[in-house]
Amino acid sequence: MIGRLNHVAIAVPDLEAAQAMYRDTLGANVGAPQDEPDHGVTVVFIELPNTKIELLYPLGDDSPIAGFLEKNPSGGIHHVCYEVDDIIASRDHLAGQGARILGGGEPKIGAHGKPVLFLHPKDFNGTLIELEQV
Ligand code: CO
């Protein structure tokens, strides 16, 4: 069911410092920040030859990553995103397998303008999983 690794998301406490580190220290192709008010984050995509890194920084007062950064003040891996062909069929398959779908199970439009869903980390070895329909 899952396909390619679309991105690995890293929550960062200082977006400018993280951009500079990926651009200057690691020599990566770092995009411009995009505000995602529906998701409570500002994102920066970093294009790698085989996947992307998504830097996440809190946006607004009740950002879903604020608590994560409180627990991980220097930042950390927040989620991995796998591609699927049909997000509704994937959701129904996962629900049938007993996996918990976050946010009421209805896809939202993600940072690439495509439908996404998140799966409960306790069902997946402590990893928050994002599914993106491509
Ligand atoms: Co993501």
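Ligands are counted one by one from 1 in listed order, and the atoms in each one are counted from 1 as well. Keep in mind it's a predicted model, so treat the numbers as computed, not measured. Computation of the quantities below employed the complete heavy-atom set of this structure, encompassing side-chain atoms and omitting hydrogens, waters and symmetry-equivalent molecules.
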Could I get the full list of ring pair (Phe, Tyr, Trp, His ring centres under 6.0 Å) partners for H79, not counting sequence neighbours? H7, F118
Of all residues at least two apart in sequence or in a different chain, which pass the salt bridge (charged side-chain N to carboxylate O under 4.0 Å, His left out) check with D85? none
Under a 4.5 Å side-chain heavy-atom rule over Ile, Leu, Val, Met, Phe, Trp and Tyr, are L131 and I101 clustered together? yes
For E132, which residues count as a side-chain hydrogen bond (donor to acceptor under 3.5 Å, both in side chains) partner, sequence neighbours excluded? H112
Do V44 and I77 share a hydrophobic cluster (ILVMFWY, side-chain heavy atoms under 4.5 Å, transitive)? yes
Only protein N/O/S atoms count here: give how many lie under 2.8 Å from the Co ion (ligand 1). 4
Is there side-chain contact between V41 and Y57, with heavy atoms separated by less than 4.5 Å? no
